[in-house]
Amino acid sequence: MVVEFKSGKIIVTPHEIVVKLLGEHRVTLQAHIDAIQLIGRGANVIAANGSETKWSLKLDSEQQLIDISKEAGLDIQ
């Protein structure tokens, strides 16, 4: 599943999340589902925190977070 947001796109599978940011630097963030936390309550953030991964990304809307939650099989905290 691909979720578009104002700064790029998020590719979600049951195993990983890949974020591709727009811009000349073509930044790509990747994390296994086990390292992902979805934070709701108005924050609408994807946080990746694993042994070799640490990043977070604010989404445009709660609906994007819900769509990612359903596709990845993760609860929103």
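Each residue takes its place number in the sequence, starting with 1.
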Partners of [X] by side-chain contact (heavy atoms from CB on, under 4.5 Å), sequence neighbours excluded?
X   : value
I11 : V2, V18, K20
S61 : Q63, Q64
L29 : V19, V27, W55

Residues sharing I39's hydrophobic cluster, by side-chain heavy-atom contacts under 4.5 Å among ILVMFWY, directly or via others?
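So far as hydrophobic clustering goes, I39 is joined with V45.
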Within the structure provided, determine whether [X] and [Y] are in side-chain contact (heavy-atom separation under 4.5 Å).
X   : Y   : answer
M1  : D67 : yes
L21 : T28 : no
S7  : L22 : no
F5  : N44 : no
L57 : I10 : yes

Would you check, one step at a time, whether the test side-chain contact (heavy atoms from CB on, under 4.5 Å) holds for H15 with H32?
CA-CA 6 Å; H15 306 290; H32 290 277; 5.8 Å; no
At what distance, to the nearest 0.5 angstrom, does CG of L65 lie from CZ of R41?
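The CZ atom of R41 is 11.5 Å from CG of L65, to the nearest 0.5 Å.
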With rounding to the nearest 0.5 angstrom, report the CD1 to CD1 distance, I33 to I17.
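Atom-to-atom, I33:CD1 and I17:CD1 are 4.5 Å apart.
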Just to verify, what does Q30 make a side-chain hydrogen bond (donor to acceptor under 3.5 Å, both in side chains) with, not counting sequence neighbours?
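Q30: side-chain hydrogen bond (donor to acceptor under 3.5 Å, both in side chains) contacts with E16.
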N49: what forms a side-chain hydrogen bond (donor to acceptor under 3.5 Å, both in side chains) with it, not counting sequence neighbours?
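N49: no side-chain hydrogen bond (donor to acceptor under 3.5 Å, both in side chains) contacts found.
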E62 atom CD: more than 12 heavy-atom contacts under 6.0 Å
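Check fails, neighbour count at 12 or below.
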Hey, is NZ on K58 packed in by over 12 heavy atoms from elsewhere, all under 6.0 Å?
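Count over threshold, so yes.
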Can you see which heavy atom on A48 is nearest to which on I36, and at what distance?
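So the two residues come closest at CB-CD1, 3.9 Å.
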Evaluate the side-chain contact (heavy atoms from CB on, under 4.5 Å) criterion for residues L38 and D75: first the C-alpha distance (whole Å), next the side-chain angles of each, then the deciding distance (0.1 Å), finally the verdict.
CA-CA 7 Å; L38 302 179; D75 292 331; over 6 Å; no
